[in-house]
Amino acid sequence: MKLWGGRFKESTHHMMDEFNASITFDQKLYEEDIEGSIAHAKMLAQIGILEKTELTELITALRMIQADIETGEAVLTIANEDIHMNIESLLAEKVGSLSKKLHTARSRNDQVAVDLRLYVKKALVNLTGRLNDLMTVLLDISESNMDTLMPGYTHLQRAQPITLAFHLMAYYEMFSRDLDRCNDLKRRVDVMPLGSGALAGVNYATDREYLKEQLGFSKYSMNAMDAVSDRDFVIELQSVGSIIMMHLSRFSEEIILWSSTEFKFIELSDQFSTGSSIMPQKKNPDAAELIRGKTGRVYGNLMGILTVMKGLPLAYNKDMQEDKEGLFDTVETLDICLTVFTEMLSSSIFLKENMAMAVKKGYLNATDLADYLVGKGLPFRECHEIAGKITMDCIDKNMPIEELSLSELKTYSDLIDESVYKALEPFTSIEGKKSAGSTSKNSVLEHINLCKK
Ligand code: ARG
């Protein structure tokens with residue numbers, strides 16, 4: 001008979017058992033479920049619902065069940081629907097009717113809410129660790145590439161000279177915002193829902209303060225109905241996760257481009273590349289492509305949970321069981337993607353000469369030519385036009401601006417003198433950036449030092 005079988009005459013259809021059950025996926029919550037049950041049992045003992053000896057017996061049995069699940073010895077079945085009732089029935093096998101006392105002053109609704117919050121709290125600790133690892137690698141590579149030239153792009157067209165350190169530190173900023181978002185979410189997940197019962201609270205003077213402390217939360221929820229029907233923290237995790245994946249995906253896209261023969265800015269290590277079964281010359285950036293691809297499933301999980309929640313009346317509805325698979329998938333996807341990405345990046349080699357060569361082609365110094373003329377007293381729009389004409393003529397002749405002779409340059413403006421050649425060099429351009437947060441060496445160094453603190 002089902003644990004809730006009392007008011008039923010007939011048993012459920014086998015199809016319904018399968019359809020209704022969540023044990024195939026929510027068994028991932030076994031640790032959190034047992035942690036929650038132990039805290040609940042301790043609290044019941046505190047308020048005199050369980051004897052001291054009963055408490056000890058329950059805790060010992062719950063720990064044994066945990067070990068049995070870990071070794072695979074415990075049999076989890078669809079007949080027991082979900083992780084909560086599977087553990088309860090395993091407990092009955094061990095302690096008999098004592099197991100029935102544990103569910104006093106508790107519902108599966110507040111039980112699953114506390115399990116999920118514990119799971120998300122742990123996931124966030126891991127996630128922030130992974131983000132930190134990636135950020136450390138970014139800082140390291142940036143520090144040793146302060147003088148590595150590369151083209152900065154807009155519209156994927158070569159735009160202005162920058163350094164690799166500056167480019168990578170842009171990603172550092174993105175991931176540091178992600179870290180911030182995770183830490184911010186930690187505060188909101190940190191609310192203990194246990195003790196809410198099914199939706200209205202329970203008819204026992206439970207000590208929620210004690211429960212909260214046992215489970216390591218900093219507060220307990222103030223409205224039972226909200227506590228059992230709130231999945232904002234799942235949605236927020238999906239949302240933060242989607243943003244992280246978007247950042248990883250943009251970075252992956254650049255790595256894919258950079259590793260192509262067209263760019264040749266980066267050589268991925270063999271460890272994170274794959275070959276082709278037909279074309280012997282191929283070395284493919286599969287890791288980066290997979291990360292870019294997996295962004296799709298995380299976005300999907302966000303849309304999934306938003307849609308599950310949008311029409312639900314208060315309080316708990318079974319729809320909410322659909323919160324889990326997407327959550328687990330996102331947490332696991334983020335973990336593997338961040339880990340692989342960090343390893344892939346730190347084992348890659350930047351082809352500095354090619355990057356510097358790319359700065360030479362594509363008239364990245366045209367803006368500097370215009371700024372040079374501004375320095376000679378012309379208004380910027382006029383300078384832009386003169387620099388534009390020079391660039392166009394050079395494009396026609398297929399030569400870089402700095403290869404024009406001084407007399408040729410003077411035909412465009414007699415304000416131009418010998419000093420123009422210095423102004424056209426990439427490092428002059430980079431060091432010419434005076435604004436805070438620019439690609440100049442001092443500015444990037446200041447940024448890196450700030451981040452190292
Ligand atoms: N397996 C359920 C879930 O994940 C647990 C809560 C069930 N609550 C209920 N009232 N049927 O949502």
Side-chain angles (χ1 to χ4, degrees), residues 1-8 11-13 15-37 39-40 65 69 74-91 99-100 102-123 189 192-203 215 221 223-235 237-238 301 304-332:
M1 191 168 93
K2 295 269 190 297
L3 284 170
W4 40 253
R7 62 95 62 222
F8 288 80
S11 54
T12 43
H13 195 288
M15 214 191 320
M16 178 57 186
D17 282 340
E18 260 172 54
F19 187 59
N20 195 38
S22 51
I23 187 62
T24 49
F25 49 87
D26 70 8
Q27 52 182 280
K28 285 217 160 80
L29 295 173
Y30 77 93
E31 246 184 331
E32 290 79 7
D33 200 70
I34 287 172
E35 206 184 328
S37 284
H40 185 67
I65 291 169
I69 295 178
V75 184
L76 303 170
T77 72
I78 279 177
N80 286 321
E81 205 176 311
D82 55 24
I83 187 64
H84 325 294
M85 293 198 297
N86 267 280
I87 289 176
E88 192 177 328
S89 98
L90 291 168
L91 193 61
S99 70
K100 295 180 182 160
L102 181 62
H103 213 52
T104 317
R106 186 173 75 168
S107 151
R108 271 188 298 155
N109 297 351
D110 54 349
Q111 194 178 350
V112 71
V114 82
D115 290 5
L116 266 192
R117 280 180 183 268
L118 287 170
Y119 174 85
V120 170
K121 280 179 78 171
K122 276 188 217 164
V189 192
M192 204 282 307
L194 203 57
S196 299
L199 75 161
V202 295
N203 299 5
L215 289 169
S221 54
N223 180 293
M225 212 172 212
D226 176 51
V228 292
S229 63
D230 170 36
R231 293 294 183 269
D232 290 2
F233 61 98
V234 177
I235 297 174
L237 185 96
Q238 296 288 11
N301 293 335
I305 184 66
L306 278 170
T307 312
V308 164
M309 296 305 290
K310 78 175 264 290
L312 298 188
L314 295 182
Y316 178 85
N317 299 269
K318 194 61 174 257
D319 313 47
M320 289 160 69
Q321 184 164 285
E322 291 290 310
D323 59 3
K324 288 172 201 64
E325 283 159 293
L327 173 65
F328 300 152
D329 183 60
T330 288
V331 166
E332 285 158 23

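In listed order, ligands and their atoms are each counted from 1.
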Close-contact set for ligand 1 against Lys324 heavy atoms, below 4.0 Å: 3 (C), 4 (O), 12 (O)

Ligand-side contact atoms (ligand 1) for residue partner Asp82, heavy atom cut-off under 4.0 Å: 1 (N), 2 (C), 5 (C)

Atom 11 (N) of ligand 1: which protein heavy atom is closest, and how many Å away? Arg108 NH2, 3.4 Å

Is any side-chain heavy atom of Leu237 closer than 4.5 Å to one of Leu327? yes

In this structure, does ligand 1 have an atom that sits under 4.0 Å from one of the heavy atoms of Glu81? no

Does Gln111 reach ligand 1, in the sense of a heavy atom lying below 4.0 Å from it? no

For a side chain to side chain contact (heavy atoms under 4.5 Å, CB included) check, start with the C-alpha distance between Gln321 and Phe25, then their side-chain angles and the critical distance, and finish with the verdict. CA-CA 10 Å; Gln321 184 164 285; Phe25 49 87; 4.3 Å; yes

In terms of side-chain geometry, is the basic nitrogen of Asp319 or Arg231 positioned less than 4.0 Å from the acidic oxygen of its partner? no

Measure from atom 7 (C) of ligand 1 to every heavy atom in Phe25, Trp4, Tyr316 and give the option owning the shortest one. Tyr316

Using a strict 4.0 Å threshold on nitrogen-to-oxygen distance, state whether Glu88 and Arg106 make a salt bridge. no

Could you check which of Asn20, Ile83, Asp110, Asn109 puts a non-hydrogen atom nearest to atom 10 (N) of ligand 1? Asn109

Quiz question: by atom type and distance under 3.5 Å, do the side chains of Ser22 and Lys324 form a donor-acceptor pair? no

Minimal non-hydrogen separation, Gly197 against Asp110, with atom names: N-OD2, 2.9 Å

Could you work out, with ring pair (Phe, Tyr, Trp, His ring centres under 6.0 Å) as the rule, every residue matching Phe19, not counting sequence neighbours? none

For Ser22, the ligand 1 atoms with a heavy-atom partner under 4.0 Å come out as 1 (N)

Give yes or no for whether the N/O distance cutoff of 3.5 Å, strictly under, is met between His84 and ligand 1. no

